[in-house]
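I have placed the structure first, in the form of structure tokens, so that the comments after it can refer back to it.
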Amino acid sequence: MFTLSAFADEISPDPQQQLDVLKSCGVRHIEFRSILKTNVLDLTDLQIGEFKSLLQKHGFRLSAIGSPIGKVKIDEPFEPHLKRFQRAIELCKVFETRNIRIFSYYLPEHGDWDNWRRDVVDRMFDKARLAEKAGVRLIHENEHRIYGDDPARVKDLMETVLERVDSRYFGAVYDPANYVFCGFDPWEAWQMTKPWTIHFHIKDWVRGESHGRLAGEGHGRMAQVMADAVAMKYDGFATLEPHLLGGGPTGGVTGPELFPKAVAAFKTILDQVGAEYDSMPH
């Protein structure tokens, strides 16, 4: 069962417009990355309370806190970053979601991952232990330029951290477009990482282009991966993050006109592969 969600800030910075468009698409979950051009971790308590009230009024829930945790250089001080991570944990409780999207750090200038792997693993382990204590789950996205942009390093990260942390508190996000963008075969990446995949980000990509494509129109081998996920009896979220007008380190843009087309294209793939999907809250 796929439960559809969305990075709604790709539609508009305005939260009401976000919900209006998603309602029209039959999507009632949001991966909360930003509103009002402000990152989720930087919003005031008042803004958080107002957004929560808006979600409740319209029958929406969160699939995850779409945090930027881990999108800093690995040699930067850990304590300030850990403080921001604690804010993400707090927001899980506010919004009654157990998922926090995270990343696995950028290299310092002229660095090499062989020299920084241990630091990445130690920081991820520290955060995973805090997540375990709080009863929340970290979901690691294979974003470009971080340690986990390579499926072999995602596998390494999962195996190493999960030696010491229960799998209920740490897992992988599979984003096919990010693998394409980084020069990996998304099907081979899926084969390497699917044992730990507990969450999907849905965007497709053509190598060399500067923006995403509708699901099924890029090199992401989306239908093949989704068919295999169905065979595995996948049960979790699939979050639309189309990037149809562009994307960057802080998010992407699709717009209110194109976003419904992105949802429809992904639903077509799910129908083709015989997937069950639920776009309404449980």
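Computed from a prediction, not measured in an experiment: that's the story for all the values here.
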Original post:
Can you check ring pair (Phe, Tyr, Trp, His ring centres under 6.0 Å) on Tyr277 and Phe266, steps first, answer last?
Top reply: CA-CA 11 Å; Tyr277 57 91; Phe266 183 57; 7.9 Å; no
**OP:** Could you tell me whether the side chains of Thr38 and Asp42 share a donor-acceptor contact shorter than 3.5 Å?
**Re:** no
Original post:
Does a donor on one side chain and an acceptor on the other come within less than 3.5 Å for Asp20 and Gln16?
Top reply: yes
Original post:
Looking only at atom types and distance, does a side-chain atom of Glu10 sit under 3.5 Å from a main-chain N or O of His243, one as donor and one as acceptor?
Top reply: yes
**OP:** Assess whether atom NZ of Lys261 is packed by more than 12 heavy atoms of other residues, nucleotides or ligands within 6.0 Å.
**Re:** no
**OP:** Would you kindly confirm whether Leu214 and Leu4 end up in one hydrophobic cluster when ILVMFWY residues are joined by side chain heavy atoms under 4.5 Å apart?
**Re:** no
**OP:** Take atom CZ of Arg129 as the centre, draw a 6.0 Å sphere, and report whether it contains more than 12 heavy atoms from other residues, nucleotides or ligands.
**Re:** no
Subject >> Ser67 side chain to Ala88 backbone, donor-acceptor under 3.5 Å >> reply: no
Original post:
In terms of heavy-atom contacts, does CD of Gln56 have more than 12 from other residues, nucleotides or ligands at under 6.0 Å?
Top reply: yes
**OP:** Work out which heavy atom in Ile202 is nearest to a heavy atom in Ala215; give both atom names and the distance.
**Re:** CG2-CB, 4.3 Å
Subject >> Pair Asp149 + Arg153: basic N to acidic O under 4.0 Å >> reply: yes
Subject >> Asp75 versus Tyr105, side-chain donor and acceptor atoms under 3.5 Å >> reply: no
Original post:
Minimum heavy-atom separation for Gly252 to Arg33, with atom names?
Top reply: N-NH2, 3.7 Å
**OP:** Work out which heavy atom in Tyr174 is nearest to a heavy atom in Pro186; give both atom names and the distance.
**Re:** OH-O, 2.6 Å
Original post:
Would Asp45 and Arg87 satisfy salt bridge (Lys or Arg N to Asp or Glu O under 4.0 Å), going step by step from the backbone distance to the final call?
Top reply: CA-CA 11 Å; Asp45 288 344; Arg87 176 62 168 170; 3.0 Å; yes
Original post:
So, Thr239 versus Arg101: side-chain donor-acceptor pair below 3.5 Å or not?
Top reply: no
**OP:** Might you confirm whether atom NZ of Lys194 has over 12 heavy atoms from other residues, nucleotides or ligands at distances under 6.0 Å?
**Re:** yes
**OP:** Salt-bridge test for Lys73 and Asp119: reply yes if a basic N is under 4.0 Å from a carboxylate O, no otherwise.
**Re:** no
**OP:** Measure from the side-chain N and O atoms of Gln18 to the backbone N and O of Ser12, and report whether any donor-acceptor pair falls under 3.5 Å.
**Re:** yes
